[in-house]
Amino acid sequence: MTEAVSSSSAGAQPSDADLVARFLAEQNPYYFTLLYRRYAGKVYAKCLSMLANEAQARDAVQDIFIKVFLNLSRFNEKSAFSTWLYSITYNYCIDLIRRKKKMPVLLADDVSRVSDEPVPEVPDSVLLEMKQERLEEVLRHLSEGDRIVLLMKYMDDMSIKEMADFFQKTESAIKMQIMRAKIRAQAIYEQLYGKDPLVS
Amino acid sequence: MREFNAFKSLENDLMSQLPSELEPQVFSQVRSAAAAGRVADIFLPCALRTAAHLLGGGAPGQYSCLPPGRSVGGDVLPDWRRPPGRF
């Protein structure tokens with residue numbers, strides 16, 4: 001199978017939706033292999049960012065792709081394949097963290113109670129221009145809820161609407177959650193490194 | 001267009017750490033899941049129909065999951081053949 005994949009992947013790149021459709025029509029594992037190769041790294045990166053544990057991230061990637069394989073017929077192209085896959089990934093990580101801690105991940109509460117308080121604006125550059133290893137450390141110190149919204153927005157480029165659909169919240173609630181997550185990230189940065197992230 | 005995104009840079013770094021031995025493991029599980037799925041596809045509808053038939057009061061021999069012409073109940077003799085001594 002590996003030879004077949006490498007020889008025929010030399011041509012034009014089919015879209016994700018094409019690969020899914022062809023896989024469902026022909027049940028040929030070659031198409032699933034292409035999807036795996038396209039996304040396994042990204043899924044692994046998300047799992048590692050969320051779980052901060054290599055062994056768990058490896059297991060998570062395996063479980064997530066089995067889940068995707070078994071549920072591929074339910075993918076309805078309402079969203080991009082990547083968005084669907086990342087939703088499965090985040091849900092899997094949230095469940096795992098929840099089971100590990102035996103407590104809920106507090107995103108829904110955070111999102112619903114924020115609406116009327118004034119929130120100071122933190123520019124995106126505060127996070128985007130951080131040194132990579134510092135960002136990793138800051139993410140590790142954030143709550144799972146804050147980490148997810150920041151990863152979705154800045155790593156996955158998910159739209160506010162896609163995030164609102166994922167969390168089943170309003171778009172304004174999601175915007176507020178992102179703003180608060182940025183404030184908390186900035187505060188953690190200052191705690192860890194003692195100065196504003198943009199002054200380095 | 002922003003030049004540097006620490007999140008993307010972190011993602012690229014973590015992506016490069018994906019263990020290569022993961023792919024054969026995933027596909028071995030995918031193959032097992034596919035095989036189990038095929039068995040379930042063949043077996044489950046038949047088993048459920050048979051169970052429904054039996055619960056509904058039918059005799060076990062009356063219902064067959066096999067396609068027509070492939071019945072295993074071979075007691076019915078062709079018309080042209082009469083058992084000896086029954087004339």
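The chains referred to below are lettered A, B, ... by the order of the sequence lines, with proteins before strands, and numbering in each begins at 1. Everything quoted here is computed from the prediction, not taken from an experiment.
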Which distance, rounded to the nearest 0.5 Å, do you find between the CD of Gln17(B) and the CD of Glu54(A)? 6.0 Å
Please determine if Lys8(B) and Asp156(A) form a salt bridge, counting it only when a charged side-chain N lies under 4.0 Å from a carboxylate O. no
Shortest non-hydrogen separation from Phe7(B) to Leu135(A) and the atoms involved: N-CD2, 3.6 Å
Closest heavy-atom contact between Gln132(A) and Ser9(B)? OE1-OG, 2.6 Å
Taking CD in Glu21(B) as the centre, count heavy atoms belonging to other residues, nucleotides or ligands within less than 6.0 Å. Is the count above 12? yes
Sequence neighbours left out, what passes ring-ring contact (aromatic ring centres under 6.0 Å, His included) with Tyr90(A)? Give chain and number order. none
Using salt bridge (Lys or Arg N to Asp or Glu O under 4.0 Å) as the criterion, list what pairs up with Asp63(A), not counting sequence neighbours. none
For Tyr36(A) together with Phe27(B), are the ring centres under 6.0 Å from each other? yes
With a 4.5 angstrom heavy-atom cut-off, which part of Leu150(A) approaches chain B: side chain, backbone, both or neither? both
In this structure, CZ of Arg134(A) is separated from CG of Leu10(B) (nearest 0.5 Å) by 15.0 Å
Is there side-chain contact between Glu136(A) and Leu14(B), with heavy atoms separated by less than 4.5 Å? yes
Is any side-chain heavy atom of Asn5(B) closer than 4.5 Å to a side-chain heavy atom of Met155(A)? no
Does the side chain to side chain contact (heavy atoms under 4.5 Å, CB included) test come out yes or no for Leu18(B) and Val43(A), once each step is laid out? CA-CA 9 Å; Leu18(B) 175 73; Val43(A) 169; over 6 Å; no
Do Gln25(B) and Arg58(A) make a side-chain contact, defined as non-hydrogen atoms from C-beta onward lying under 4.5 Å apart? no
Could you tell me which portion of Phe69(A) (side chain, backbone, both or neither) has an atom closer than 4.5 angstrom to a non-hydrogen atom of chain B? side chain
Would you say the side chain of Tyr44(A) lies within less than 4.5 Å of the side chain of Met15(B), judging by non-hydrogen atoms? no
